[in-house]
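Residue numbers start from 1 in every chain, and the chains themselves are labelled A, B, ... in the order their sequence lines are given, proteins ahead of strands.
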Amino acid sequence: GNSVTQMEGPVTLSEEAFLTINCTYTATGYPSLFWYVQYPGEGLQLLLKATKADDKGSNKGFEATYRKETTSFHLEKGSVQVSDSAVYFCALSNTGNQFYFGTGTSLTVIP
Amino acid sequence: SQTIHQWPATLVQPVGSPLSLECTVEGTSNPNLYWYRQAAGRGLQLLFYSVGIGQISSEVPQNLSASRPQDRQFILSSKKLLLSDSGFYLCAWRGTGVSSPLHFGNGTRLTVT
């Protein structure tokens with residue numbers, strides 16, 4: 001079946017630190033992979049996506065590479081800011097109408 | 001461009017009262033529509049999704065129901081709320097295709113007292 005496993009949080013970093021949030025997936029065929037961000041009290045916003053192996057999604061300094069050989073889609077940012085504090089969700093879409101979400105990783109960036 | 005509207009933003013309801021949450025999408029036709037619930041500090045739980053008018057798939061048996069009376073309108077209802085229905089309810093839409101992302105509304109914070 002399809003599933004997403006995301007690293008447990010919470011994660012606390014100092015401003016300008018390097019961020020990695022691990023995400024691995026299980027799927028058959030050729031899924032698309034996504035990262036979403038949720039700020040307090042708001043809905044989820046699409047952060048980036050990748051639709052095939054070796055694709056790199058990027059947005060607002062965040063990057064993630066679709067690695068089929070390791071079934072991973074880790075989120076990275078070189079220098080986090082206080083405004084990046086949020087909950088991050090890894091997600092997968094495959095044939096069918098459903099999305100499969102990880103459990104979310106809470107990030108707090110301290111000045 | 002496409003937009004999704006969800007209301008109300010917050011709602012406090014007594015146990016046993018009815019519920020109606022509404023979601024509408026603009027700027028696209030025949031979207032797939034979804035209702036999710038997010039308990040405090042938890043992940044997302046898919047409640048219902050719809051691929052067309054009158055077509056509803058339920059993922060979790062419970063006292064909630066959904067309806068899609070128009071192409072871009074999705075309604076979440078309950079006849080009698082339970083305390084366990086408290087949570088953050090999110091409506092979302094997507095187009096067709098595996099690579100099409102979900103687009104979320106701003107959510108409704110429901111507190112059942």
Ranked by heavy-atom pairs below 4.5 Å to chain A, first place among B:Cys91, B:Ser57, B:Ser100, B:Gly97 goes to B:Ser100
- Is it the case that one hydrophobic cluster holds both A:Leu92 and B:Leu46, taking links as side-chain heavy atoms less than 4.5 Å apart, direct or via other members? no
Those residues of residues 102-113 of chain B that come under 4.5 Å of chain A on a heavy-atom basis, listed by number, are B:Leu102, B:Phe104, B:Gly105, B:Asn106
- B:Leu90-B:Leu76 co-clustered via ILVMFWY side chain contacts under 4.5 Å: no
For residues 68-88 of chain A against chain B, heavy atoms under 4.5 Å, the residues are none
Compare all side-chain heavy atoms of B:Gln45 with those of A:Phe101 and state whether any distance is below 4.5 angstrom.
-> no
When rounded to the nearest 0.5 Å, the distance separating OH of A:Tyr30 from OG of B:Ser99 is 15.5 Å
Determine whether more than 12 heavy atoms belonging to other residues, nucleotides or ligands lie under 6.0 Å from atom CD of A:Glu16. no
Q. Are B:Phe88 and B:Trp7 connected, step by step, through hydrophobic side chains (Ile, Leu, Val, Met, Phe, Trp, Tyr) whose heavy atoms are closer than 4.5 Å?
A. no
Ordered numerically, the heavy-atom neighbours of chain B under 4.5 Å found in residues 41-54 of chain A are A:Gly41, A:Glu42, A:Gly43, A:Leu44, A:Leu46, A:Lys49, A:Thr51
Within residues 27-39 of chain B, the residues sitting under 4.5 Å from chain A by heavy atom, in sequence order, are B:Asn32, B:Tyr34, B:Tyr36, B:Gln38
Review point. Considering residues, nucleotides and ligands other than A:Glu8, do more than 12 of their heavy atoms fall under 6.0 Å from its CD?
Key: no
Do the side chains of B:Tyr49 and B:Leu21 join up, straight or via other hydrophobic residues, at under 4.5 Å, putting them in one cluster? no
Shortest non-hydrogen pair, A:Gln98 vs B:Arg94, comes out as O-NH1, 4.2 Å
Between A:Phe34 and B:Val98 the two heavy atoms that sit nearest each other are CZ-O, 4.1 Å
message = Is there a path of hydrophobic side-chain contacts, each under 4.5 Å between heavy atoms of I/L/V/M/F/W/Y residues, joining B:Trp93 to B:Phe48?
response = yes
d(B:Leu44 CG, A:Tyr36 OH) to nearest 0.5 Å is 10.0 Å
